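What follows is one structure encoded as structure tokens, with my remarks underneath.
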Amino acid sequence: MWRGRCLCRRCAEQGQSSYNRNIVTLDFLGTLQRTHMCGDLRSSHVDSANSGETITLMGWVNRRRDHGNLIFLDLRDRSGITQVVLDKEIAPEAHAKAEAARPEYVVAVTGVLRARGEGLANPNMATGEVELVAHSLLLLNDAKTPPFSPAEDAIGNEEVRLKYRYIDLRRTEMQHNFALRSRVAMAIRNYLVSQGFLEIETPFMTRSTPEGARDYLVPSRVHPGHFYALPQSPQIFKQILMISGFDRYFQIARCFRDEDLRADRQPEFTQIDLEITFPQMATIFATAEGFLRAAFNAAGITLSDQPFIQMTYDQAITRYGIDKPDMRLPAMVDLSATLTAELRETLKIDAALPVLGFTIPRVGEMSGTARKALVSEIRATFGDTGLDFLDVARLRTNETFLPLAEAIAAKLTAEQLVFNGENFTTEDLAVVITPKPGTPAMWNYDPQWIYKRVGALRLELAKKFADKHKLFEQTHTAADFKFLWVTDFPMYEWNEESKTWDAAHHPFTSPHEDDIISGRLVNDKGAVRALAYDVVLNGTELGSGSIRIHRKDVQAEIFRSLGMSDEEAHNRFGFFLDALEYGTPPHGGIALGLDRIVMILAGAQSLREVIAFPKTAKAIDLMVDAPTPVSEQQLRELSLKTVTRS
RNA sequence: GGGGACGUAGCUCAGUUGGUUAGAGCGCUGCCCUGUCACGGCAGAGGUCGCGGGUUCGAGCCCCGUCGUCCCCGCCA
């Protein structure tokens with residue numbers, strides 16, 4: 001064995017003295033087969049009869065502890081780690097090879113499993129009762145010193161992790177995440193198939209429909225100047241599958257949206273997409289709840305059989321100030337009724353507007369200084385928004401306001417001060433948000449604006465105090481997961497910029513039948529409710545769906561109301577309008593984000609932890625380095641020319 | 001498009017008021033070690049302080065610009 005510095009050009013250039021410190025002679029695998037996985041070995045596998053039965057493990061060197069004539073290798077595969085002992089007296093050749101082994105070398109070990117002696121067991125390891133005494137060791141491959149060690153719990157920065165994703169993915173946590181993801185996806189498939197759903201694939205190369213998100217485009221070589229688009233969702237295809245009579249469709253489908261990213265948004269992501277004919281919302285809810293229970297079950301969590309709670313969009317806004325309420329936090333309460341006319345006068349609070357209160361658990365334990373800091377923080381958060389707040393604990397110290405404080409406390413005690421099974425005193429209440437007089441122009445006297453702004457503050461403060469109050473601590477039981485359905489979304493949203501009505505969901509969503517019959521669809525767009533619904537878990541939107549329009553006349557009316565001429569609608573969706581004319585059954589469905597479900601189940605803070613090869617916030621794949629420029633030749637073939645934008 | 005945080009050894013980070021030769025832990029290399037399991041001991045290597053410009057006698061530190069990563073707002077039917 002030649003030992004010395006690697007002299008190859010690459011190492012010389014990089015100055016990496018660490019590469020191949022010892023040039024080792026690598027072994028061939030030959031016909032050797034693995035007999036066990038590292039993480040599976042237990043006392044029951046020990047060769048107690050001394051029959052000499054051997055075990056062969058293969059994997060990566062996790063750690064090496066060299067005691068001279070005795071070397072320990074922690075051998076790792078996806079199942080776990082087993083300690084291998086190399087004793088110079090027992091197996092001198094294997095021992096010599098182990099001297100050359102380094103972390104992340106790939107090795108095969110054959111030997112006899114033995115129980116560790118008294119005091120030698122490691123209770124922190126699943127396999128800590130046993131160790132493999134090596135008779136032979138094969139060095140199947142060496143490894144450069146990795147930029148970070150998969151054996152370490154402390155993880156490096158994301159840039160390095162993403163560049164060397166294959167090393168990052170070796171970490172136990174990541175291995176668990178993807179095993180979990182696989183189990184969850186399988187459980188969902190099994191459930192849906194058992195409910196009579198057919199899995200049908202739809203195209204990736206499809207037609208750009210310039211609604212919603214920006215498309216990723218694919219240029220056509222044979223049709224210069226023409227482009228396919230990657231699907232933002234299989235929406236139209238799944239509706240056409242219903243028109244085609246497939247009755248129940250599902251797909252675990254990749255979707256693509258060219259929008260700015262977040263911790264919970266990737267440019268390509270995976271949806272559990274399904275659609276049924278002759279739908280009642282209850283059927284769709286039961287189906288989604290069914291596969292969610294199956295998915296959680298696959299993660300070892302048994303959810304209750306009770307249907308998820310439901311609330312309307314309006315209720316969500318007035319109680320939580322957001323359309324995806326986190327039910328782990330107490331709701332807001334409208335305290336308008338507790339304010340007498342005199343108090344409103346004294347406090348200069350507008351009689352027409354809501355006065356909202358919410359609790360911050362144990363805020364009463366805060367010191368005076370901390371409380372002051374919180375107060376100025378809230379002021380800063382609101383900025384010059386025309387909102388102000390009252391600190392109830394402060395109100396209690398002022399005789400004028402004592403009745404108000406008592407009234408508020410009484411109302412909150414009734415409705416709010418039991419949280420996570422604990423009772424709080426009114427000292428826990430910090431804030432009551434009131435619209436300040438004199439600056440109504442900023443929010444157009446819109447109560448919704450107040451609800452949403454206070455809702456945002458509620459979330460911010462919850463995050464701030466989350467650790468302190470163990471608000472989001474995971475016990476990994478059903479109690480950690482608060483689901484709900486939000487229904488009756490508005491059909492339209494007013495677009496202040498373009499002065500038009502936009503579809504709040506998508507333009508294939510059916511309005512409430514009542515709102516069609518009553519004529520509201522034409523006369524009072526702002527009041528039209530959609531048969532659209534979201535499923536929300538712990539403040540995260542897991543998915544959304546709707547009952548679709550199945551009548552051509554209704555679909556045409558919706559397109560018109562969105563400011564789309566018949567001609568324009570025909571240009572964009574002609575094929576779909578045609579399809580609607582050939583016997584379209586009522587249909588509806590839903591799509592849920594698989595990545596988000598797995599992220600929550602894994603207790604991860606980012607989708608990147610549950611997507612094997614994710615992209616950065618700027619949509620770059622750091623491992624393969626994509627996107628890249630392409631050759632002039634490729635561009636010419638596609639009849640494309642790049643221009644530099646100023 | 002906007003706001004914020006970060007960028008110093010392979011990794012995690014420290015670096016005082018701008019002042020001599022930029023440090024620590026881990027990792028890495030060599031030697032020693034038969035019961036370790038985050039092994040230990042001794043010795044050693046390793047730096048374009050993200051990049052570019054400016055101020056200054058002097059810049060890791062101050063200023064301007066730029067690039068990258070992360071978080072948030074806008075955006076995501």
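To find a chain, count down the sequence lines: A is the first, B the second, and so on, and within it residues start at 1. A quick note: this is a predicted structure, and the numbers were derived from the prediction, not measured.
For the contact set between residues 609-618 of chain A and RNA chain B, defined by any heavy atom under 4.0 Å, the members are A/Thr616, A/Ala617, A/Lys618.
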What does the list of N/O pairs under 3.5 Å between the protein and nucleotides 12-14 of chain B look like, with a distance for each?
residue	atom	partner	partner atom	Å
B/U12	OP1	A/Asn157	N	2.8
B/U12	OP1	A/Asn157	ND2	3.0

Acceptor/donor pairs from residues 535-545 of chain A side chains to any protein atom, 3.5 angstrom cut, sequence neighbours excluded:
residue	atom	partner	partner atom	Å
A/Asn538	OD1	A/Lys482	N	2.9
A/Asn538	ND2	A/Asp480	O	2.9

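Judged as a salt bridge (charged side-chain N to carboxylate O under 4.0 Å, His left out), and not counting sequence neighbours, A/Lys163 has no contacts. Listed by chain and number, the residues in a salt bridge (charged side-chain N to carboxylate O under 4.0 Å, His left out) with A/Asp66 are A/Arg64 (sequence neighbours excluded). Scanning for salt bridge (charged side-chain N to carboxylate O under 4.0 Å, His left out) contacts around A/Glu158 gives A/Arg608, with sequence neighbours left out. Legend: residues meeting ring-ring contact (aromatic ring centres under 6.0 Å, His included) with A/Phe256, ordered by chain and number and at least two apart, are A/Phe204. For A/Lys615, the salt bridge (charged side-chain N to carboxylate O under 4.0 Å, His left out) test picks out A/Glu268, with sequence neighbours left out. Qualifying ring-ring contact (aromatic ring centres under 6.0 Å, His included) partners for A/Phe489, counting only residues two or more places apart in sequence or in other chains: A/Tyr313. Scanning for ring-ring contact (aromatic ring centres under 6.0 Å, His included) contacts around A/His570 gives an empty result, with sequence neighbours left out.
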In B/S/- notation (B base, S sugar-phosphate only, - none; protein heavy atoms under 4.0 Å), nucleotides 33-38 of chain B written 5' to 3' is BBBBBS
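Counting only residues at least two apart or on different chains, no ring-ring contact (aromatic ring centres under 6.0 Å, His included) pair has a member in residues 144-172 of chain A.
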